[in-house]
Amino acid sequence: MRSNYHQYSSMRVRFAPSPTGALHIGGARTALFNWLLARGQGGEMVLRIEDTDRERSTDANIAQILDALEWLGIDWDEGPLMQTSNEDRHRAVLAELEESGRAYRSHATGDDVRVWKDIHGADRGYRGEAEPDGALRLRVPDEGETVVADAVRGETVFAHKHLDDPVIARADGTPLYNLAVAVDDLDAEITHVVRGEDHLSNTPKQVLVLEALGAPLPIYAHLPLLHGPDGKKLSKRHGAASVQELRDSGYLAEAVVNYMALLGAGYDSEQEIFPVAELQQRFSLSRVSKSPAVFDEKKLRHINGLYLRELDEADLTSRLERFTGRTDLGPAVSISREKIQTLNDFEPLCGFIYDGVTEDPKAFSKVFGKAEAPAALKRAREVLAAVDDSFTEQLIETSLEPLPAEFDVGAGRIFQPIRVALSGTTISPGIFETLALLGKDESLLRIDRMLERLAAEPDGPSA
RNA sequence: GCCGCUAUCGUCUAGGGGACUAGGACGCCGCCCUCUCACGGCGGAAACCGGGGUUCGAAUCCCCGUAGCGGUACCA
């Protein structure tokens, strides 16, 4: 059974998405594993678009998949090949199979197959009679079994008596998936078929096609599926599920790659942050796990934060500017980088610097509900007004430092009022840095406005 | 229903017969740091699905059960 494996000298893998929607994380991970394998082994990767489902395959979807792969940094050596462009070859193979008697025409429908099973029981797969026309079914031998050699699962045995003769072409002669895949992989001299586990049950059909053709078999590797937090197959309702959505959520491509590599594979018992080159080196099909993995956005966020803080400032700045559409972010980047995990976290943290004070009644009432807060803010205003016009972080800190003692309160009781005056909220970058960045005039202006508001509400915040 | 795959902390995983009082990471809890939020540091709770074997010895091998998932299209 293991006699006819491929004899190609170098490894060739393929990623073959069907363009029926955006590239999901599951698909992206399949692409990544193929790519890591090829790049780590000096092999080649082929990109093939399985567009034989013309109803659902659109150019926009294809463009989206290419865009997602490019963003992730996954490249390929051949393609994108369109499966439909190989239809002549598919039809030739179909004709060959029919002529040799390995396949036959039949009008049997799914219902007919079901009736057959009801009569014959589970131990007899559907076997039809050859008819002059109709769909083309591949003849499965009654005896024996087909063994799928799987690099992650070992050998999986499918007894022929359980297999129905699979339909490999529609009545109109158009080839079906199981035929097209087998032929395309053969033609592309693919040595390792690495794909999702949902394809495992279809694999014997493809192996049977290859054997009917007397062709060599690739080595298969079926990856564990990705699930949502509820244990169900990952879908839209689990939040960011496509590569594009991840990008729009402010994740970094390198972090997404690192995280995806971790899903369904182990590399080291102590370490899990690996630059992509190391991932390529370490990746091995034998390190792929067999059980499904749950996509955990919390962990992605954590890893993203790690990568974000590793970026040099110019790089981070340009990424933030591209992401937010703002320009001249400059110093705001350095005072916020320790506090954000994604590109998307920047805006809520620092938006007030550019857009003015945020209205946050809860923050206002909480901070100015403290008796000394208005007076503390007034005093801070005086002290800050006296600071040299250079208004550096250091000078600001020195000037404000004595206030807590002066009011005999904790530092927070002095700084939070200032923070709310400047930003409107209780969360912002460090207060000295923020004051310095805003500049003396703007800082004093914002404090004055808050003081005026407080004066208008002499009994304290009503909110 | 039938066929197949899988089964270690809530999650991702390490483990491939003795090194396991089962390791790491995310998350969670507590403490420290601290002007908020984070970051960082320290500590803690938390798992071998159940039952039979095999073996001197099993998280690791085998069988059964159970559960989850996938497939079962003239979809891919």
Side-chain angles (χ1 to χ4, degrees), chain A residues 16-20 50-53 55-57 83 106-110 113-114 117-118 121-123 125 134-137 148 150 152-153 156-159 161-164 166-174 176-178 180-181 196-204 222 224-225 227 229 231-233 259 262-273 286 289-303 305-306 309 336-341 345 348-349 363 367 397 400 404 410-420 423 425-432 434:
Chain A
S18 57
T20 53
E50 313 236 300
D51 57 344
T52 50
D53 184 342
E55 298 287 299
R56 298 187 295 165
S57 301
Q83 188 157 57
S106 167
H107 283 104
T109 63
V113 172
R114 185 163 287 281
K117 308 275 271 193
D118 286 344
D123 282 348
L136 196 67
R137 281 184 189 268
V148 175
D150 191 298
V152 346
R153 282 155 218 285
T156 301
V157 179
F158 295 86
K161 64 181 180 182
H162 292 316
L163 265 28
D164 299 326
V167 177
I168 54 178
R170 298 183 180 92
D172 66 5
T174 53
L176 251 22
Y177 175 73
N178 286 122
V181 171
E197 198 205 315
D198 49 341
H199 289 283
L200 182 56
S201 296
N202 283 321
T203 306
H222 289 94
L225 262 20
H227 291 172
K232 297 277 169 53
K233 194 172 177 176
Y259 177 65
L262 259 25
L263 282 181
Y267 299 82
D268 187 277
S269 61
E270 305 288 300
Q271 184 189 346
E272 54 185 21
I273 301 301
S286 65
S289 74
K290 302 193 240 298
S291 49
V294 174
F295 175 78
D296 179 12
E297 195 171 342
K298 291 243 185 67
K299 185 146 185 176
L300 205 211
R301 275 188 71 83
H302 174 259
I303 290 175
L306 258 25
R309 271 171 255 122
S336 62
R337 63 181 305 161
E338 292 299 320
K339 299 173 182 297
I340 61 176
Q341 280 185 304
D345 291 346
L349 184 71
V367 171
E397 181 167 1
L400 253 19
R413 301 281 280 262
I414 301 298
F415 298 132
Q416 284 301 75
I418 301 174
R419 191 184 312 280
V420 173
S423 73
T425 71
T426 53
I427 300 173
S428 84
I431 200 67
F432 309 127
T434 302

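Within every chain, numbering begins at 1; the chains are lettered A, B, ... in the order of the sequence lines, protein sequences first and strands thereafter. Keep in mind the model is a prediction, meaning the values are calculated, not measured.
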**Q** Is the shortest side-chain N/O distance from A:T52 to OP1 or OP2 of B:A76 below 4.0 Å?
**A**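 Affirmative; the distance criterion is met.
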
**Q** Closest approach to the side chain of A:A135, judged atom by atom: which nucleotide of B:G24, B:A76, B:C74 is it?
**A**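 Of the options given, the side chain of A:A135 lies nearest B:C74.
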
**Q** Hey, is A:D345 close enough to A:R337 for a salt bridge, meaning N to O under 4.0 Å?
**A**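 Looking at A:D345 and A:R337, the cut-off is not met.
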
**Q** With a cut-off of less than 4.0 Å, is there a side-chain N or O of A:R301 near OP1 or OP2 of B:A25?
**A**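 Answer is no, no contact under 4.0 Å.
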
**Q** Remember a base hit wins even if backbone is also touched, and classify A:G264 as base, sugar-phosphate or nothing at under 4.0 Å, heavy atoms.
**A**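 Touches sugar-phosphate only.
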
**Q** Test of understanding: with salt bridge (charged side-chain N to carboxylate O under 4.0 Å, His left out), list the residues that count as partners of A:D296, not counting sequence neighbours.
**A**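 Listed in chain order: nothing, the list is empty.
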
**Q** Passes side chain to side chain contact (heavy atoms under 4.5 Å, CB included), A:L136 versus A:V167? Steps please.
**A** CA-CA 6 Å; A:L136 196 67; A:V167 177; over 6 Å; no

**Q** Considering only atom P, compute the distance from B:C63 to B:G41 and round it to an integer number of Å.
**A**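 Those two atoms are separated by 45 Å.
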
**Q** Compare the minimum distances between each of B:C35, B:U13, B:C74 and the side chain of A:A293, then state the nucleotide with the smallest one.
**A**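 Taking heavy atoms from C-beta onward, the closest nucleotide is B:U13.
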
**Q** A:F295 has an atom CZ; how far is it from atom P of B:U13, in whole Å?
**A**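 So the CZ-P distance, A:F295 to B:U13, works out to 13 Å.
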
**Q** Which part of the nucleic acid, if any, lies within contact of A:E50, taking any heavy atom under 4.0 Å across all strands shown: a base, the sugar-phosphate backbone alone, or nothing?
**A**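 Since only primed, P, OP1 and OP2 atoms lie under 4.0 Å of A:E50, the category is sugar-phosphate.
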
**Q** Between A:E197 and A:R153, does any NZ, NE, NH1 or NH2 come within less than 4.0 Å of an OD or OE carboxylate oxygen?
**A**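 Result for this pair is yes, salt bridge flagged.
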
**Q** What nucleotide, of B:C74, B:A7, B:C26, holds the atom closest to the side chain of A:R137?
**A**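 Within the option list, the nearest is B:C74.
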
**Q** I'd like a table of atom pairs between the protein and nucleotides 14-22 of chain B - only N or O on both sides, under 3.5 Å - with the distance next to each one.
**A**
{"unit_1": "B:G15", "atom_1": "OP1", "unit_2": "A:R287", "atom_2": "NH1", "d": "3.1"}

**Q** For a quick check of understanding: with a heavy-atom distance under 4.0 Å over all strands, which category does A:S428 fall into, base, sugar-phosphate or nothing?
**A**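 Here A:S428 touches the bases of the nucleic acid.
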
**Q** Please determine, for the side chain of A:H107, which listed nucleotide (B:C26, B:C5, B:C74) has the closest atom?
**A**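 The nucleotide sitting nearest to the side chain is B:C74.
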
**Q** Measure the spacing between CG of A:L200 and CG of A:D150 and express it to the nearest 0.5 Å.
**A**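 Going from the CG atom of A:L200 to the CG atom of A:D150 covers 6.0 Å.
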
**Q** Measure all distances between protein nitrogen or oxygen atoms and nitrogen or oxygen atoms of nucleotides 61-72 of chain B, and list the pairs falling under 3.5 Å.
**A**
{"unit_1": "B:G70", "atom_1": "N2", "unit_2": "A:S201", "atom_2": "OG", "d": "3.1"}

**Q** In whole angstrom, give the distance that lies between atom CG of A:L263 and atom C1' of B:A25.
**A**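 Taking atom C1' of B:A25 as the reference, CG of A:L263 is at 13 Å.
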
**Q** Do A:D164 and A:K117 sit within salt-bridge range, that is, some charged N less than 4.0 Å from a carboxylate O?
**A**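 Salt bridge flag = yes for A:K117 with A:D164.
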
**Q** State which residues pass side chain to side chain donor-acceptor pair (under 3.5 Å) with A:T174; sequence neighbours excluded, sorted by chain then number.
**A**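 Per chain and number, A:T174 pairs via side chain to side chain donor-acceptor pair (under 3.5 Å) with A:R170, A:D172.
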
**Q** Base, backbone or nothing for each nucleotide of nucleotides 39-46 of chain B, written B, S, -, heavy atoms under 4.0 angstrom, 5' to 3'?
**A** SS------

**Q** Tell me: CD of A:E297 to C1' of B:G10, nearest whole Å?
**A**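 Spelled out: CD on A:E297 to C1' on B:G10 is 17 Å.
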
**Q** Quick one: list whatever passes side-chain contact (heavy atoms from CB on, under 4.5 Å) with A:P166, sequence neighbours left out.
**A**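 A:P166 satisfies side-chain contact (heavy atoms from CB on, under 4.5 Å) with A:L138, A:V140, A:K205 only.
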
**Q** Can you tell which of B:C35, B:A7, B:C26 lies closest to the side chain of A:A411?
**A**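 Of the options given, the side chain of A:A411 lies nearest B:C35.
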
**Q** Could you please name the option among B:U36, B:C35, B:C12 that lies closest to any side-chain atom of A:F432?
**A**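 Nearest listed nucleotide: B:C35.
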
